[in-house]
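This report refers to the structure that appears directly beneath it.
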Number of protein chains: 2
Amino acid sequence: MAVQVLTVLAYKAGEPVTSSLLAASVNTNPVVIRRLLLVLQTAGFVETRKGASVGSRLRLPPQRIDLAQIYRAVETSEPFKLPQRNPKNPCAVGHCIQAALVQVFAATETALERELAKTSLAHILGLVEKSCGQNRKTPH
Amino acid sequence: MAVQVLTVLAYKAGEPVTSSLLAASVNTNPVVIRRLLLVLQTAGFVETRKGASVGSRLRLPPQRIDLAQIYRAVETSEPFKLPQRNPKNPCAVGHCIQAALVQVFAATETALERELAKTSLAHILGLVEKSCGQNRKTPH
DNA sequence: TTAAATGTAACCCGTATGGTTGCATATCGT
DNA sequence: ACGATATGCAACCATACGGGTTACATTTAA
């Protein structure tokens with residue numbers, strides 16, 4: 001969802017967009033968008049002003065935003081977390097395996113981010129504009 | 001968890017292990033283990049016999065099992081699924097972006113599996129035995 | 001000053017994962 | 001043959017998480 005919102009913002013190329021409009025584009029609730037925008041603000045991706053007839057806009061050019069950055073900003077719980085199997089049983093391979101899995105999963109995580117880093121927001125925007133084949137400023 | 005169970009089975013090197021013992025090693029419930037074993041059975045990784053003093057054992061050598069296979073067997077919901085934003089609104093970038101994101105996420109998924117395929121169960125077993133530094137057959 | 005927008009809190013809901021109990025069934029060992 | 005043992009399976013509960021919804025105070029441009 002974050003990618004979708006940022007793509008719309010990139011599509012608007014710096015013009016402020018209200019959360020209601022973003023919500024309509026993603027087909028969800030404005031509040032959900034605002035929650036997401038707060039995260040994107042602290043990550044430095046967007047700038048939001050309060051008040052009438054304003055909204056949010058990109059702070060960085062789409063070329064300088066890639067999916068890995070968005071992933072790190074948005075993702076809370078690591079998909080490769082080991083379920084924190086507690087102590088309690090004194091033995092078993094279970095104890096030793098944790099450390100091994102941490103290594104492997106960390107490697108996987110970095111590989112994942114390296115892959116995501118290959119795709120920039122500008123790239124996605126290009127795909128959208130090409131496949132959609134529409135003129136700017138008119139998202140209809 | 002699946003990796004952990006399979007590692008223990010590999011550790012036992014073909015000897016049948018009961019779900020209760022596996023549960024103790026992973027510190028969880030035997031039923032949970034059995035549910036997982038059913039998946040691993042249909043995936044062809046393990047073989048389970050019912051009855052007294054038996055259990056499950058590996059059907060393949062640990063070298064021929066890698067994390068990508070386990071991932072595909074166990075994982076149900078794709079981590080990179082787009083939330084199925086329905087039609088309902090006639091316009092917006094939202095419609096065009098779906099196709100673009102599908103491409104990008106599919107590429108990410110394959111990259112992830114390619115990374116997971118690098119690590120075999122035998123490799124993990126090696127890490128465990130080295131870091132744990134214990135003799136076989138006696139996980140306590 | 002007023003309309004419009006954000007920030008934020010408080011809920012609800014659907015889904016997924018894992019845990020728990022209980023019981024029928026199959027099978028090994030004696 | 002029989003009892004001990006372990007799986008298969010169903011039902012239910014607890015928890016966490018993402019997302020949706022409503023409501024309200026606050027800020028700001030026009």
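Naming convention: chains lettered A, B, ... in sequence-line order (proteins, then strands); numbering from 1 in each chain.
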Per A/A52 side chain, nearest of listed nucleotides C/dC28, C/dA3, D/dT7
C/dA3

Residue-phosphate contact under 4.0 Å: A/Q41 side-chain N/O, C/dG7 OP1/OP2:
yes

A/R49 or B/P30: which one's nearest nucleotide on DNA chain D is closer to the 5' end?
B/P30

Could you pull out the protein-nucleic contacts involving nucleotides 8-15 of chain C (nitrogen or oxygen on both sides, under 3.5 Å)?
from: C/dA10; atom 1: N6; to: A/R35; atom 2: NH1; distance (Å): 3.2

According to a strict under-4.0 Å criterion, is A/S53 in side-chain N/O contact with OP1 or OP2 of C/dA4?
no

Partner set under salt bridge (charged side-chain N to carboxylate O under 4.0 Å, His left out) for A/R34, not counting sequence neighbours
none

Compare the minimum distances between each of D/dA29, D/dT7, C/dT6 and the side chain of B/K50, then state the nucleotide with the smallest one.
D/dT7

Side-chain donor/acceptor of A/T108 to backbone N/O of A/V104, under 3.5 Å:
yes

Measure from CE on A/M1 to C1' on D/dG19 and round the result to the nearest Å.
8 Å

Determine the contact category for B/T76: base if any of its heavy atoms lies under 4.0 Å from a base atom, sugar-phosphate if only primed atoms, P, OP1 or OP2 are that close, otherwise nothing.
sugar-phosphate

Looking at residues at least two apart in the chain, or sitting in another chain, which of them share a salt bridge (charged side-chain N to carboxylate O under 4.0 Å, His left out) with A/R72?
A/E113

Distance check: side-chain N/O of A/T18 vs OP1/OP2 of C/dA5, anything under 4.0 Å?
no

Value rounded to 0.5 Å, distance of CD1 in B/I70 from CD in B/Q4:
11.5 Å

B/I33 has an atom CD1; how far is it from atom C1' of D/dC9, in whole Å?
16 Å

Just to confirm, is there a sub-4.0 Å distance from OP1 or OP2 of D/dT7 to any side-chain nitrogen or oxygen of B/S19?
yes

Nearest 0.5 angstrom please: A/L38 CG to A/T48 OG1, how far?
7.5 Å

Between A/S56 and B/N29, the residue closer to the 5' end of DNA chain C by nearest nucleotide is A/S56

